[in-house]
Undergrad: 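Structure incoming, see below.
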Amino acid sequence: MNSRRLPRSFYQRPTLTVAQELLGKILVRRWRNTLLAGKIIEVEAYLGEQDPASHAYRGRTPRNQVMFWNGGHLYVYFTYGMHFCANVVTEEEGRARAVLLRALEPVAGVETMTRARGSDLIENLCNGPAKLCQAFRIGRPQNGTDLCGKTIWIEEDRHSAPPQIIRTSPRIGITSATHQQWRFFMNSPFLSRR
DNA sequence: CTCTGGATTAGCT
DNA sequence: GCTAATCCAGAGC
């Protein structure tokens, strides 16, 4: 029944690989008896101590501790005084690597997402890292959630094959390591930027 | 303790 | 294109 749910081993691989393979997968959340789901279409990789743009660049702190956990957990952080962003932790414990979820194509629970976001076009529900957190009601309590559990998980898309074409670009909104092409996305009307 | 600026967004010019 | 909103992590003293 949940055979499409990604196993721990999916996350315990090189971060750039996981980032690209997350494209086309479905993020699912069970929220008050309704299922929220969205196809992952845009992500960014953050590579821990070796990456100046990563929260873990200067080592472990109270905020970034979940990045150091085993792959397959959710790292949620608060920023700009009002927004949350969600990352998928990758590799093994102690590595501090993660993939930022930047945009989703809504596939289930659209009405609930619309209520969470305020009346809005479907294209505007999940086309940004803070927007998708608002649509999925992901906040502080969800930091550290085990993606191999029963509330938030990622599964294979039963309707379509993995994307044929994966595009890359520098990461958005950072000022260091801008030469790295660690943003991965597929063609879609639901991207955070066109 | 104080200070700086941020993996963003919405709304305006 | 510009910037306010609004909190707090992390750095430096």
Side-chain angles (χ1 to χ4, degrees), chain A residues 11 14-20 22-23 25 27 38 40-69 71-91 95-106 113-145 147 152 154 166-186 188-194:
Chain A
Y11 304 102
T15 302
L16 296 177
T17 301
V18 175
Q20 294 173 75
L22 278 173
L23 296 178
K25 301 290 193 296
L27 176 72
I40 299 170
I41 59 162
E42 178 184 345
V43 299
E44 286 175 359
Y46 286 86
L47 271 56
E49 298 94 329
Q50 74 176 55
D51 177 5
S54 168
H55 289 168
Y57 183 51
R58 295 163 202 269
R60 196 166 189 149
T61 67
R63 174 173 70 160
N64 67 24
Q65 55 173 315
V66 173
M67 282 189 78
F68 289 78
W69 291 9
H73 288 88
L74 198 66
Y75 166 49
V76 180
Y77 68 89
F78 181 68
T79 191
Y80 289 104
M82 62 186 80
H83 298 303
F84 292 96
C85 297
N87 298 250
V88 173
V89 177
T90 59
E91 303 193 29
R95 294 283 283 167
R97 290 160 189 231
V99 176
L100 173 70
L101 301 176
R102 282 199 59 90
L104 312 173
E105 174 184 339
M113 293 184 199
T114 301
R115 252 182 285 120
R117 291 260 313 131
S119 64
D120 217 341
L121 299 173
I122 188 170
E123 291 84 0
N124 288 335
L125 290 177
C126 299
N127 61 335
K131 292 176 172 186
L132 70 89
C133 281
Q134 191 179 16
F136 275 67
R137 299 173 196 265
I138 290 172
R140 259 190 202 85
Q142 284 67 48
N143 188 31
T145 299
L147 295 174
I152 304 176
I154 299 173
I166 295 178
R167 304 172 65 196
T168 66
S169 81
R171 293 170 293 180
I172 292 175
I174 60 167
T175 55
S176 57
T178 51
H179 60 291
Q180 308 282 14
Q181 304 267 308
W182 287 345
R183 173 176 177 242
F184 302 96
F185 56 103
M186 42 196 276
S188 168
F190 298 90
L191 291 169
S192 69
R193 308 207 178 173
R194 307 301 305 271

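Chain identifiers are assigned alphabetically (A, B, ...) following the order of the sequence lines, protein sequences preceding nucleic acid strands; residue numbering begins at 1 within each chain.
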Undergrad: Between B:dT2 and C:dT6, how far apart are the P atoms? Round to whole Å, please.
TA: 23 Å
Undergrad: Could you tell me whether A:E91 and A:R97 have a side-chain N and a carboxylate O separated by less than 4.0 Å?
TA: yes
Undergrad: Return the nucleotide paired to B:dA10: Watson-Crick means purine N1 to pyrimidine N3 with N6-O4 or O6-N4, wobble means G-U with N1-O2 and O6-N3, both under 3.5 Å.
TA: C:dT3
Undergrad: Check the phosphate of C:dA9 against A:T61, side-chain N and O only, distance under 4.0 Å to OP1 or OP2. Yes or no?
TA: no
Undergrad: What string of B, S and - do you get for nucleotides 2-13 of chain B 5' to 3' if you count protein non-hydrogen atoms under 4.0 Å?
TA: ----BBBSS---
Undergrad: How would you list, by chain and number, every residue that makes a ring pair (Phe, Tyr, Trp, His ring centres under 6.0 Å) with A:F78, sequence neighbours excluded?
TA: A:F84
Undergrad: Please report the shortest heavy-atom distance between A:T145 and A:Q142, naming the atom on each side.
TA: OG1-O, 2.6 Å
Undergrad: Indicate whether OP1 or OP2 belonging to C:dC8 is found under 4.0 Å from a side-chain N or O atom of A:R140.
TA: yes
Undergrad: Does the structure place the NZ or CZ of A:R193 under 6.0 Å from the centre of the six-membered ring of A:F185, at an angle of no more than 45° from the ring's axis?
TA: no
Undergrad: Just wondering, are more than 12 heavy atoms of other shown residues or ligands nearer than 6.0 Å to CZ in A:R167?
TA: no
Undergrad: Rounded to the nearest 0.5 Å, what's the gap from CH2 on A:W182 to OG on A:S169? Could you check?
TA: 13.0 Å
